[in-house]
Amino acid sequence: MIDIKAFREDPDRFVRGAAEKQMSVDFDRLSTLDEQRRAVLIELEQKRAEQNRLGKESGPRIGKLKGQLKSASEGDRAELLKALVDLEATPVRLKSEIAALEQVLAEIEPTWYAILLTVPQPPAADVPRGKGSDDNIEVRRWNPAGFDNGVPFAQSRGFAPKTHQELVRSLGLVDFERGVKMSGTRHYVLTGMGMRLHQAILRYALDFMADQRGFQPIGVPVIVREECMIGTGFFPAGREQAYHLEESKRGSNHDLFLTGTGEVGLMGLHADEIIPIDALPLKYVTLSTCFRREAGAAGKDTAGLYRIHQFDKVEQVVVCKADDAQSRAWHATMLESVEMILQSLDLPYRLLQCCTGDLGVKNEDMIDVECWMPGRGDGGAYGETHSASRLGDYQCRRLNLRYKDEQGRMTHAYALNNTVVASPRILIPLLEMHQNADGSVTIPVPLRCHMGGRERIEAR
RNA sequence: GGUGGGGUGGCAGAGUGGUCGAAUGCGCCAGACUUGAAAUCUGGUAUGCCCUUUGGGGCAUCGUGAGUUCGAAUCUCACCCCCACCGCCA
C-alpha cells in the first residue's frame, strides 16, 4: 500500500508509476473520495468533540435528574421531566447528526480504501522504462568453465541434448500420467531419484542460506487467512492465482488460501508488530510448498515441469530499515547467494533487470534470474528460475510492520524477497545441463551427500 | 468436536454506566543525589488519524464488529483468539 499522504503531496508520482507499470487505477476517484473523506471527518470530529464536552458538563446532571425522577412526587415530576428534556436536547440532536455523518463516511471509506489498495508501488527511478518482458535488460551472464551457451549444445558437448521431459522419462524420475490422473493437468509425481534430487537441491539451498549466509530458517503456514494475502500485496490483484478454501461454506467463519510462495508466511510473521531496531535486518529463509492456479496461463508451457500447480521453493526475505541504500545492498547480497548456488551447480544463467512494464503491483525494482535450459525451445533457451524484488515500504505498510528509528519515529520497514531455489523447475536446467551422451545424468557435487553419495543417475 | 475459564498500555494487574486513555507495580527514558554504580527521589513513558500560524489542538482505540444509552473498558448480541480438561487423531 502506498502512503496516502505522499499521494496527496505528489499524486503525479503515483499516476506516472502506474502508467509505467502498464496498470490502470482510477486516480480521479481516489482524489475525490479522499477529499470527501477528510471533509466529513473534520465535521464529524467537531461534533464528537462537542458531544464529549457536553457529556462531561451536563451528563452527570442528567444522571442526577433521572435519579430524582424515580423517587419524585407527582407534583415535581413534570418540572423534572422538562428540565431533563431541555438538558438532553442538544446531545440528542448531536447524536443524530453524528450518526448521519458516520453513515456518509461508511459509504465513502470502503471504496476509498479499495482503490488505495490497488495503487501500485512506483518503480524506482533507475528502473528502465518498458512495456513488458521483451524490454528487460540483461545485466550479466555466467557460464561454467568449458561451456558456452552461445554455441550449439551438440557442438560443445559432442551429442544432441535430450529435453528434461525425455530425461525424466528414461530415467524414471517423474510420472506425469499418474499426476494428471490424480489431480489433472499441470500435476506430476516425483519418483525414485527424481524425488531425491528434488529434496537434495532444496535441502542444499536451505542449508546454504542458513550456514553460509546467516539466514534464519523458518517453517511457516502455507494455508493462510485473507489478511495475510492482502497484507503481503498478493490480493486483490492476484486473487485468481490463489487456491481458495471456502471453509465458510462449511460453517467456518473465514475462508483460507493456499500460498503461492513462502514470502507470504515469512512476511506475515511480523504483521502488526513493532520490530526492535536492533533486530533489523530480519533475514529469513523458508522451504515451503507453493500452490498456483496459473489462471490465464492456459496453453502456456503445458508440458513438463516448467509451469505446474504445486512445487516447493526455498525463499529468502529481508526486512531492513527504510533506507534505499540498504535495500539495494541487500538486493545485491541476496542475488549473490543465488549466483553462488547456481555456480556451485555449474548451471549457466543470466540476470535480467526487469523493466517497469514487467513489474508487479508491489515491487519497485526486480531482477529475474534465468537458467539456461538446453532442451527448451529450439536449440536451448533461458527460462526464469528466480526473481528478486525490492518492495520499498509497500508491503510493510500493508502488513503494519514497523520499527522505531533512531529518532524514535515510527517507520515502516523495507522488504525484499528472492527465490533461493524452486524445484522441480530448477531440475529442468539441472538435468539438461548435466546429461551425458549415454543418457545418464551426473549429479553436481554439492548434491551428492543428499543422494546417498551417488555421482550419477542412470537408467535402471 | 464437548465443557469450563479468559482477552485491559512493553509486561503484570485493578477497574461492573459519567470525574477512565485508564489505578498500582515492574520495565524503559531523562534529571537529582553519588568519585562511579547500586539504592533512593522527581518527572516522563501507547498507537492511528484529522487540523495546525509547528506552540499545539481535536477524534478514535480496553480482542474485533454491531447494538442499548444523553454518555460504554464496564450492559446486550455476534465473531475472532487464547488457556484448561475430556474425546478424536498424523
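For the numbers below, each heavy atom of this structure counts, side chains included, while hydrogens, waters and symmetry mates do not.
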Test: A:R425 cationic atom under 6.0 Å from A:Y306 six-membered ring centre, within 45° of axis: yes
Under 4.0 Å, heavy atoms only, any strand: does A:R409 hit a base, just the sugar-phosphate, or nothing? nothing
Suppose we define a pair by two distances each less than 3.5 Å, Watson-Crick or G-U wobble; what does B:G43 pair with here? B:C29
Quick check against the 3.5 Å criterion: does A:H331 have a side-chain atom that pairs as donor or acceptor with the backbone of A:A388? yes
What interatomic distance, in whole Å, is found between P of B:G71 and the corresponding atom of B:C83? 38 Å
Among B:C50, B:C59, B:U69, which is the nearest nucleotide to the side chain of A:K95? B:U69
Applying a 3.5 Å limit to both distances, which nucleotide forms a Watson-Crick or G-U wobble pair with B:G17? none
Which whole number of Å gives the distance between the C1' atom of B:U8 and that of B:U61? 12 Å
Any strand counts, and the cut-off is 3.5 Å on both contacts for Watson-Crick or G-U wobble. Which nucleotide pairs with B:C75? B:G67
Applying the Watson-Crick and G-U wobble criteria at under 3.5 Å, what pairs with B:C59? Answer none if nothing qualifies. B:G48
For A:W112 and B:C49, what is the distance between atoms CH2 and C1' respectively, to the nearest whole Å? 9 Å
Over all strands shown, is A:R402 touching base, sugar-phosphate only, or nothing at heavy-atom distances under 4.0 angstrom? sugar-phosphate
Examine the side chains of A:D312 and A:S423 and answer whether a donor and an acceptor come within less than 3.5 Å of each other. no
Is any NZ, NE, NH1 or NH2 atom of the basic residue among A:K362 and A:E263 found under 4.0 Å from an Asp or Glu carboxylate oxygen of the other? yes
Syn versus anti for B:G55, judged by chi lying within 90° of 0? syn
From CD1 of A:I98 over to P of B:A60, roughly how many Å is that when rounded to an integer? 9 Å
Rounded to whole angstrom units, what separation is found between the CD1 atom of A:I42 and the P atom of B:U52? 7 Å
Should B:A37 form a Watson-Crick or G-U wobble pair with both distances under 3.5 Å, which nucleotide is its partner? none
Side-chain atoms of A:R48 come closest, of B:C50, B:U47, B:C59, to B:C59
Minimum-distance nucleotide (side-chain atoms of A:P91 versus B:C50, B:U47, B:C70): B:C70
In whole angstroms, how far is the P atom of B:C51 from the CD atom of A:E35? 11 Å
A:E102 CD - B:A60 C1' separation (whole Å): 11 Å
Nearest to the side chain of A:M410 - B:U47, B:C50, B:G71? B:U47
Centre-to-centre under 6.0 Å for A:Y394 and A:Y414, is that the case here? no
Euclidean distance for C1', B:C51 against B:G44 (whole angstrom): 26 Å
Rounded to whole Å, CD of A:E45 lies from P of B:C49 at a distance of 12 Å
Watson-Crick or G-U wobble partner for B:G1, using a 3.5 Å limit on both distances? B:C86
Heavy atoms from C-beta onward define the side chain here; which of B:G58, B:C70, B:C49 lies closest to that of A:A49? B:G58
Distance, P atom - from B:U69 to B:A84, rounded to whole angstrom: 41 Å
Looking only at B:C70, B:C81, B:C59, the nucleotide nearest the A:N52 side chain is B:C59
A:I4 CD1 to B:C51 P: how many Å, rounded? 12 Å
Taking for A:Q51 and for A:R8 the nucleotide of RNA chain B with the nearest heavy atom, the one nearer the 5' end belongs to A:R8
When the C1' atoms of B:U24 and B:G9 are compared, how many Å lie between them, rounded to an integer? 13 Å
Should the pair A:D358-A:K21 be classified as a salt bridge under the 4.0 Å nitrogen-to-oxygen rule? no
In whole angstrom, what separates A:K404's NZ from B:C29's C1'? 11 Å
Roughly how many Å apart are B:U74 and B:G18, using the P atom of each and rounding to a whole number? 11 Å
Verify the distance criterion only: is there a donor paired with an acceptor across the side chains of A:H386 and A:D368 at less than 3.5 Å? no
Nearest heavy atom decides the nucleotide; on that basis, is A:K5 or A:R225 closer to the 5' end of RNA chain B? A:K5
Given the P atoms of B:A72 and B:G55, what is the spacing between them in whole Å? 35 Å
With rounding to the closest Å, how many angstrom separate the C1' atoms on B:G63 and B:U47? 16 Å
